[in-house]
2 protein chains.
Amino acid sequence: MARAPRQGPYICGIDAALDVVSGKWKGLILWELDSHGVRRFAELRRALPGVSEKMLTQHLRELEEDGLVHREVYAEVPPRVEYSLTEQGRALNQALRPLGAWGTERIRQQSIATVGEVAAADARGRAPRG
Amino acid sequence: MARAPRQGPYICGIDAALDVVSGKWKGLILWELDSHGVRRFAELRRALPGVSEKMLTQHLRELEEDGLVHREVYAEVPPRVEYSLTEQGRALNQALRPLGAWGTERIRQQSIATVGEVAAADARGRAPRG
DNA sequence: TGCGGTACTTACCTTTTCGTAAGGGGGACG
DNA sequence: CGTCCCCCTTACGAAAAGGTAAGTACCGCA
């Protein structure tokens with residue numbers, strides 16, 4: 001896990017679950033692997049705009065250590081490495097689905113709120129949160 | 001939110017949801033407020049073994065800014081402040097429930113695995129993982 | 001008079017995380 | 001011959017997150 005647990009590791013399941021998905025790109029990696037099944041390193045890199053190779057390998061290794069992602073190396077030239085979800089990884093993604101729906105709804109409401117804010121500020125002739 | 005979003009903020013709902021619950025104690029705070037309804041500052045502090053006052057106030061303020069937690073201040077002496085979940089906060093906790101279940105199951109399986117590991121290592125007469 | 005309890009705030013420091021840049025060892029392509 | 005692609009690895013440094021300790025202002029209790 002590469003992270004030090006609190007003292008006497010986890011207090012509840014949320015705690016344990018958040019521990020393995022915390023990381024700037026882990027949610028997206030899981031999401032990408034869930035929707036495509038199998039992805040290669042370069043494919044993931046292209047799917048995650050802005051990720052560095054270092055962070056991608058690092059996160060993939062952590063997810064692998066945590067038993068969520070399977071890493072299959074083909075001893076070919078050029079080298080080929082395929083990433084996919086393990087059984088646990090798929091279960092995690094199932095568990096993440098309601099959270100994703102909540103997040104999507106939140107984004108939607110916030111964009112509406114922001115538009116409203118901007119429109120209201122516009123009507124008053126100045127910018128919001130100046 | 002106090003965190004800088006990626007470029008063009010969120011790619012998917014998971015992303016947005018993880019953003020608001022990422023923080024060493026936020027999951028626990030949400031959990032505590034969900035199971036007790038209303039909690040005061042000192043009650044939360046006692047419920048989160050090891051949290052510092054600084055982190056607790058900081059996380060509570062972020063959760064409040066994110067519209068997940070309601071903060072009610074009573075102008076009394078001694079001061080009294082009550083924290084509770086907003087509608088959005090309750091919805092988030094609902095969405096977190098499957099994740100919590102997954103985490104609980106994971107903890108259970110890991111403790112079994114660890115016991116097995118220790119037992120196996122014990123049988124060989126040495127400690128696991130160096 | 002001193003201590004504990006209320007709910008913080010502030011300054012300072014350490015730890016963790018993330019990003020940047022470079023290299024590596026091959027093979028395909030022009 | 002040079003360059004790109006593949007999948008990383010390493011070193012270095014900045015930024016963010018988190019921890020420690022002290023201070024605030026007021027009250028009740030002994």
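Reminder, nothing fancy here: chain letters follow the sequence lines and each chain counts from 1.
- Among C:dT20, C:dG5, C:dC12, the nucleotide with an atom closest to any side-chain atom of B:Lys54 is C:dC12.
- Closest to the side chain of A:Lys24, out of D:dG18, D:dC6, C:dC18, is C:dC18.
- When the P atom of D:dT10 is taken as reference, atom CE of A:Met55 falls 16 Å away, rounded to whole Å.
- Regarding A:Leu60, its CG atom lies at a distance of 11 Å from the P atom of D:dT9, rounded to whole Å.
- Regarding B:Gln58, its CD atom lies at a distance of 16 Å from the C1' atom of C:dA7, rounded to whole Å.
- Remark on DNA chain C: of its neighbouring residues A:Val51 and B:Glu43, the 5'-side contact belongs to B:Glu43, judged by nearest-heavy-atom nucleotide.
- Residue A:Arg61 places at least one side-chain N or O closer than 4.0 Å to OP1 or OP2 of D:dT9.
- The A:Arg40 side chain lies nearest to D:dC6 when the options are D:dG18, D:dC6, C:dT6.
- At D:dG19, one or more side-chain N or O atoms of B:Trp25 fall inside 4.0 Å of OP1 or OP2 (strictly under the cut-off).
- Between B:Lys26 and B:Val21, the shortest heavy-atom contact is CB-O, 3.6 Å.
- Remark: the A:Arg39 side chain and the A:Tyr83 side chain contain no N/O donor-acceptor pair separated by less than 3.5 Å.
- In this structure, A:Arg80 places its CZ atom 15 Å from P of C:dA28, rounding to the nearest Å.
- Residue B:Tyr83 is the one, among B:Tyr83 and A:Pro79, whose nearest nucleotide of DNA chain C lies closer to the 5' end (criterion: closest heavy atom).
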Review item, side-chain donor-acceptor pairs of residues 44-52 of chain B, under 3.5 Å, at least two apart:
unit_1, atom_1, unit_2, atom_2, d
B:Ser52, OG, B:Met55, N, 3.2

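- The side chain of A:Pro78 sits closest to D:dC6 out of C:dA7, D:dC6, C:dT6.
- Rounded to whole angstrom, the span from the CG atom of A:Leu44 across to the C1' atom of D:dC7 amounts to 12 Å.
- Between B:Leu56 atom CG and D:dA17 atom C1' the separation is 16 Å, expressed in whole Å.
- Between A:Phe41 atom CZ and D:dC7 atom P there is a gap of 7 Å when expressed in whole angstrom units.
- Counting heavy atoms from C-beta outward, B:Leu18 and A:Leu99 have side chains that approach closer than 4.5 Å.
- Residues A:Ile29 and A:His59 approach most closely at CD1-CB, 3.8 Å, considering heavy atoms.
- Rounded to an integer number of Å, the gap from A:Arg45 CZ to D:dC6 C1' is 9 Å.
- When distances run from any side-chain atom of B:His59 to the nucleotides D:dG19, D:dC7, D:dG18, the shortest one goes to D:dG18.
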